[in-house]
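Heads up, the thing below is written out as structure tokens.
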Amino acid sequence: MPAAKVGPRDTRYPDLVARGANQRFRGTPEYVHLASSTDQVAAAVAAAVKAGKRIAVRSGGGCFADFVDNPDTEVIIDLAGMTGLWYDSTRRAFAVEPGLQLGELYRRLFLGWGVTVPLGSCPEVGAGGHIMGGGHGAMSRLHGLGVDHLYAVEVVTVDASDSVRVTVATCEPDDPNRDLWWAHTGGGGGNFGVVTRYWLRTPGATGDDPRRLLPRPPAQVLDFQLLWGWDSLDRDSLTRLVRQHGRWHAENSAPGSPGTALHSALLLFGTKLGAVIVKGQMIGPEAERKLAGYVSAITAGMTTPHHLEKTYRPWLENQTSAGDSEEILGSRFFVKTGYLRDRFTDAQIAPLWQALSAKPEAGPQGAVWLVSIGGQVNAVGSGDTAVVQRDSVLKAVFTASGSSAEDDAAHQRWVRELYRKVYAETGGVPSHDTRDGGCYINYSDPDLADPAQNTSSVPWHALYYGANYARLQRVKRQWDPQNHFRHALSVRLPD
């Protein structure tokens, strides 16, 4: 596409400022700069910097917070036109542009070469921000995070003299720009510059046959769903389900464990949404026998009967159908997260029951999801990538959503209060300890940087990055010394 500055009088403007997934936020930038090549991005950044404009960058539009659609944003650089994917024989890696949506990424990799990369399950999410936040999905327990397969990045940055540079940074030990690559293996979006290309290749893969350079998915998976209606669910059964789902993951999430063939999400919806669901997939031989063992383990002692549906589906069909927890966000939503190193305690489960079992007319209700992680994710050192969470077994997601701005305050209050109660023993946040492991940067929560909301002694950056934050700050100082790329949770320049 040709580069274009799209202002408020352009008929394309309303669509371009409404591309964000969370419709709570709507930007009013002076213009949106459409770019579909690295040269166009560099020119767009240079023009905005020269004019002294506040920049934000959008690829797929999946940001949960207002990092792009913010009142202070004057220029949005939109990468929707950068949707290329090809095999780069010079680097023996697949080149992926940031505007490519995950569903199309999976389709092209699989149909072209029979390979995949273990990223998220929402097909409309763009590769751009998703990869640099870590990238976690249904194949991660078997193959690690998406960034564990990131060989190189191409980044448009701005130096201390406001000159724009284009740099390719790789994971090679002798690459002088290796720290810039490392910062994009979980450092999150909007921190250091504009990524215009990723190269994907599995570490240790040899040869130049592209069919052997990324993981090969199975031909089919056993897709399953267990359902309990709230009309028959009682407190003891819900407590057992949450407890036993967590215990199973704590016991079956070591790298190489047979249990890593399973990915599941326990979707704890409240009475207003009608049901509690476990949804997931099993891969490999004896899938039905292994699924039966999992179902037996998580339902042991429950008096409430469940309904089980299971079917074999082609892998690509299953992967691109938004078939797990991430499909259920409404258009206006609030989200908080926490990594679990062990199951929720019974004291933590108690407020879940209280919030979720309330009568529908009692007010807004949301959901809590407990999503599989661990396995091969935990085979990587906590400092080898910017993702510090390398010993967790579940990822908790607290959410409430709706379609009306009039309901926003009630939904926000519901999520905030439940989150504080669940983490009451650790100051209201999932502090890094024997049970908890902080938060997921791709599900950004600006409350954590607000002293009025995060009243614990744990700063927001410790929750997201732990001991890796100081190194991220050094990368920030080198590659964005004037802090042109910033938002509520961006990496701060060191003092």
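On a predicted model such as this, the values are computed, not experimentally measured, just so you know. Note that these values count all heavy atoms, side chains included, but never hydrogens, waters or copies made by symmetry.
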(message) Looking at Arg435 and Asp342, would you say the former's side chain and the latter's main chain have a donor-acceptor pair under 3.5 Å?
(response) no

**OP:** Scan side-chain atoms only and decide if Asp88 and Thr90 contain a donor-acceptor pair under the 3.5 Å cut-off.
**Re:** yes

Contacts satisfying side chain to side chain donor-acceptor pair (under 3.5 Å) that involve residues 456-467 (not counting sequence neighbours) are Asn454-Ser456

Determine, for Trp199 and Arg91, whether the Lys NZ or Arg CZ falls below 6.0 Å from the six-membered ring centre while staying within 45 degrees of the axis. yes

query: More than 12 non-hydrogen atoms from neighbouring residues, nucleotides or ligands closer than 6.0 Å to CD on Glu425, yes or no?
result: no

Note to self: Checking His249 against Ser372: is there a side-chain donor and acceptor pair closer than 3.5 Å?
What the structure shows: yes

### Task
Report yes or no: do Asn318 and Gln281 form a side-chain donor-acceptor pair below 3.5 Å?
yes

For Thr304 and Ser237, what are the C-alpha separation, side-chain angles and deciding distance, and is it a side chain to side chain donor-acceptor pair (under 3.5 Å)?
CA-CA 6 Å; Thr304 306; Ser237 290; 3.1 Å; yes

- prompt: Is there side-chain contact between Leu79 and Val57, with at least one heavy-atom pair below 4.5 Å?
  reply: yes

Flag side-chain contact, heavy atom, 4.5 Å: Phe485 against Thr157 | no

Inset, instruction - If the plane angle is over 60° it's perpendicular, under 30° parallel, otherwise tilted; pick one for Trp248 and Tyr294. - result: perpendicular

Tell me whether Lys336 forms a cation-pi arrangement with Tyr440, defined as NZ or CZ under 6.0 Å from the six-membered ring centre and within 45 degrees of its axis.
no

query: Is His130 close to Leu102 at the side-chain level, that is, under 4.5 Å between some pair of heavy atoms?
result: yes

*Is there a side-chain contact between Thr260 and Ser253 (heavy atoms, below 4.5 Å)?*
no

*Just by distance, do the side chain of Asn22 and the backbone of Phe64 share a donor-acceptor pair under 3.5 Å?*
yes

Worksheet item: Do NZ/NE/NH1/NH2 and the carboxylate oxygens of Glu417 and Lys421 come within less than 4.0 Å?
Response: no

- So, do Thr170 and Trp181 sit near enough that their side-chain heavy atoms are less than 4.5 Å apart? no

- Query: Are any of the side-chain heavy atoms of Val397 and Tyr443 separated by less than 4.5 Å?
  - Reply: yes

